[in-house]
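Shown next, in structure tokens, is the structure this report addresses.
Note: hydrogens, waters and symmetry copies are ignored here, and every other heavy atom, side chains too, is used.
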Amino acid sequence: MSTTMTIQDALFTIYKDAIAKDNIKSMIKTIHREIIKLLGSEKASNFYIALHIQKDKYTIPYYKDEHDVDPVDTPISLKGSLTEYTRRVGKTIWINLDMEEKLKQDGLVEPIGHDSFDWIGSPLLTKKRFLGVMAVQIYDPSIRYSQADVNTIDSISKNIGIAIARVLESEELSRLKKSLEEEVSRKGKILIDTNRKLQREIAKVTKNEKIQKVLFKISELKNRTLSLKELIKRIHKELSVLIDVENFYVAIKHGMKKGEFQLPFMQDVNPEEQYQSDHIYHLSNSFTDYVFTQQKALMATEKEIIEIEKDSRYKMHGIKPKIWVGIPLKTKSNKILGVVTVQNYDHPKAYSKTDLKLLSLISTTIADAIEYRQLEGHKKVLEKRLVEAQKMETLGIFAAGISHEFNNLLSIIIGNAHIGMMSSKPHDRYHSRFKKIISSGENASDLIEKLMIFTNFKKKEGYTAYKIESLLNETVAE
């Protein structure tokens, strides 16, 4: 009765451990500890449980042996072993050394590991499944198992199958859960990465669409009747959609002298940095002049500005920003018109290389719009000069015609006055009158000659209407 109660106590402890824990090694350790209590350490110190996988493959999660090293907890083949023989027999077996030798001779088992003097193996079963084998063995010839020991091992093995199956299933569930969590996490990361890539692509497409819209609007502006200042002001407004243009100006090269620029539009948070659009400024050796001369974009932080100032003759005019960006305004025909600039006085990372590329991309459209406006202005000047030249030519033709006719009339008047004067006597009153007629006629003739000289001079002084019209046609073609 006491042995029965002890087995029941052992099973209660094993089941309680199985419920509390989901670790098969921990559970088997508890089983081993309870068997030691039942059989004694001298009979149960060599103990293991082999869990069946398939055919002759097992894992041994717990193995205590005074001779053999603990095997790695990986699938191994136990073909020919007493463990595999127990599976085939399907019941608890008690094998001593002599019986084992007989089994070897009969080809039922093969020598594996150290030979034990006594060995008990019991299958671990549920109603539906063979789980594995629980075994104890003795290497000391002075110690032997009894039938009671065999019955104890058999009783324990028959009653712990369900508990082991529950822990194995719980472990498998935990592994599956962990695997699922890892897979979910991995897929989640992939999904997050994919989403991020998608967001980047969407942002890229959205930004490209914005860029296209801005480019279209800037191109469209050149067809409107706007002054150069108003044109750049509108361009500035369109650029604000894409980039920080709080501090912005466009410098247009003026004349042939180096460093002379006109600033048709400038916006800056610092009042002292404002310039008048109708003035010409000498910006020789400035960073604006540097970009114009080098014909390449420049993005410089405050530190880089200092380095450029140290290593070259160029200096930053006005208040020194934390970052300065200058882009040459180059038309499609590679003509440099000036420089477009943005700058920030507070944040050295206000602009990125992407912003630099963006401004460089848009600068050609800006340059073309400005050039178109300049050509429009030049066209208006030529049109005005054409009208003036046409007026002068018309006046010249009209004056030449009148002069010719008037000279003919004057010739008749002067000629008849000569005849009349020759026909009269010097002291005759008509003689002096004819003389006055001749003098007035000659004065009128001189006046006509001066008018012709003036008309011809005006033609030589400027372009002829034909030449101006040719230039105008060239301007329109451009």
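A side-chain donor-acceptor contact under 3.5 Å links D368 to the backbone of K332. With hydrogens and angles ignored, the 3.5 Å screen pairs no side-chain donor or acceptor of S155 with any backbone N or O of T152. Between the side chain of Y48 and the backbone N or O of V133 there is no donor-acceptor pair closer than 3.5 Å. A donor-acceptor contact shorter than 3.5 Å links the side chain of D268 to the backbone of N270. No donor-acceptor pair under 3.5 Å is formed between the side chain of D118 and the backbone N or O of I138. At least one donor-acceptor pair under 3.5 Å links the side chain of S363 to the backbone N or O of S360. A distance-only check finds no donor-acceptor pair linking the side chain of Y351 to the backbone of L356 [under 3.5 Å]. Here the side chain of H254 pairs no donor or acceptor atom with the backbone of H279 at under 3.5 angstrom.
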Intermediate values then yes/no, side-chain contact (heavy atoms from CB on, under 4.5 Å), M316 and I308: CA-CA 9 Å; M316 177 61 68; I308 292 171; over 6 Å; no
Intermediate values then yes/no, side-chain contact (heavy atoms from CB on, under 4.5 Å), I31 and F47: CA-CA 10 Å; I31 293 169; F47 169 90; 4.0 Å; yes
Pair V340-F248, side-chain contact (heavy atoms from CB on, under 4.5 Å): steps then yes or no: CA-CA 8 Å; V340 59; F248 169 93; 3.5 Å; yes
Derivation and outcome, side-chain contact (heavy atoms from CB on, under 4.5 Å), residues Y145 and V136: CA-CA 10 Å; Y145 290 124; V136 289; 3.3 Å; yes
Intermediate values then yes/no, salt bridge (Lys or Arg N to Asp or Glu O under 4.0 Å), K102 and D98: CA-CA 6 Å; K102 177 94 171 43; D98 293 335; over 6 Å; no
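For the atom pair E172 CD and E169 CD, the distance stands at 9.5 Å (nearest 0.5 Å). A distance of 10.0 Å separates CD1 of I120 from CG of D154, quoted to the nearest 0.5 Å. Separating the NZ atom in K253 from the CG atom in D289 is a distance of 8.0 Å, to the nearest 0.5 Å. Once rounded to the nearest 0.5 Å, the distance linking CD1 of I156 with OG1 of T92 reads 11.0 Å. The CD1 atom of I243 lies 4.0 Å from the CG atom of L359; values are rounded to the nearest 0.5 Å.
Counting non-hydrogen atoms of neighbouring residues, nucleotides and ligands closer than 6.0 angstrom, the NZ atom of K213 reaches no more than 12 such neighbours. Dense packing is recorded around NZ of K258, with more than 12 heavy atoms of other residues, nucleotides or ligands lying under 6.0 Å away. Counting heavy atoms of neighbouring residues, nucleotides and ligands inside a 6.0 Å radius, atom CZ of R186 exceeds 12 of them. Within 6.0 Å of atom CD1 in I162, 12 or fewer heavy atoms from other residues, nucleotides or ligands are found, so the atom counts as exposed in its surroundings.
Contacts of Y85 classified as ring pair (Phe, Tyr, Trp, His ring centres under 6.0 Å), with partners at least two apart in sequence or in another chain: none. Applying the side chain to side chain donor-acceptor pair (under 3.5 Å) criterion to S142, with sequence neighbours excluded, gives D140. Listed by chain and residue number, nothing satisfies the ring pair (Phe, Tyr, Trp, His ring centres under 6.0 Å) test with H317 (two or more places apart in sequence, or in another chain). Legend: residues meeting side chain to side chain contact (heavy atoms under 4.5 Å, CB included) with A350, ordered by chain and number and at least two apart, are I323, N344, H347. Applying the side chain to side chain donor-acceptor pair (under 3.5 Å) criterion to N159, with sequence neighbours excluded, gives no partner residue. Residues passing the side chain to side chain contact (heavy atoms under 4.5 Å, CB included) test with K210, sequence neighbours excluded: T206, V241, L242. In this structure K177 satisfies the side chain to side chain contact (heavy atoms under 4.5 Å, CB included) test together with E181, sequence neighbours excluded. Not a single side chain to side chain contact (heavy atoms under 4.5 Å, CB included) links K55 to another residue, sequence neighbours left out. For Y249, the ring pair (Phe, Tyr, Trp, His ring centres under 6.0 Å) criterion is met by no residue, not counting sequence neighbours. For F292, the ring pair (Phe, Tyr, Trp, His ring centres under 6.0 Å) partners at least two apart in sequence or on another chain are F261.
Ion pairing between a basic and an acidic side chain is recognised when a charged N comes within 4.0 Å of a carboxylate O; K104 and D115 show such pairing. Salt bridge status for K315 with E309: absent, with no side-chain N to carboxylate O gap under 4.0 Å. A salt bridge is defined here as a Lys NZ or Arg NE, NH1 or NH2 lying under 4.0 Å from an Asp or Glu carboxylate O, and R87 with E84 meets this definition. A salt bridge does not link K189 to D193: none of the charged side-chain nitrogens sits closer than 4.0 Å to a carboxylate oxygen. The residues E230 and R234 are annotated as salt-bridged, a charged nitrogen and a carboxylate oxygen being separated by less than 4.0 angstrom.
Nearest approach of E171 to I24, heavy atoms of both residues: OE2-N, 2.8 Å. Across A251 and T288, no two heavy atoms sit closer than the pair CB-CG2, 3.7 Å. Minimum interatomic distance between N23 and V167 (heavy atoms only, all atoms of both residues): C-CG1, 3.7 Å. The two residues Q262 and P264 have their closest heavy-atom pair at O-CD, 3.1 Å. Pairing each heavy atom of M27 with each of A163, the nearest pair is CE-CB, 3.3 Å.
Side-chain polar atoms of D149 and S146 form a donor-acceptor pair below 3.5 angstrom. In this structure, a donor-acceptor pair under 3.5 Å is absent between the side chains of N247 and Q343. A donor-acceptor contact closer than 3.5 angstrom is absent between the side chains of N334 and Q295. For the residue pair N151 / Q147, a side-chain donor-acceptor distance below 3.5 Å is found, with atom types taken as modelled. A donor atom on one side chain and an acceptor atom on the other are not found under 3.5 Å apart for Y58 and S81.
Counting only residues at least two apart or on different chains, the ring-ring contact (aromatic ring centres under 6.0 Å, His included) pairs with a member in residues 116-142 are H52-F130, H67-Y139. Listed by first and then second residue, the ring-ring contact (aromatic ring centres under 6.0 Å, His included) pairs that reach into residues 320-344 are F287-W324, sequence neighbours excluded.
Residues M134 and I160 meet the side-chain proximity criterion, which asks for heavy atoms closer than 4.5 Å. Looking at L239 and V342, their side chains never come closer than 4.5 Å, going by heavy atoms from C-beta outward. Counting heavy atoms from C-beta outward, S45 and E66 have side chains that approach closer than 4.5 Å. V245 places none of its side-chain heavy atoms less than 4.5 Å from the side chain of Q267.
Among K25, K29, H32, the one residue that satisfies the side-chain hydrogen bond (donor to acceptor under 3.5 Å, both in side chains) test with Y62 is H32.
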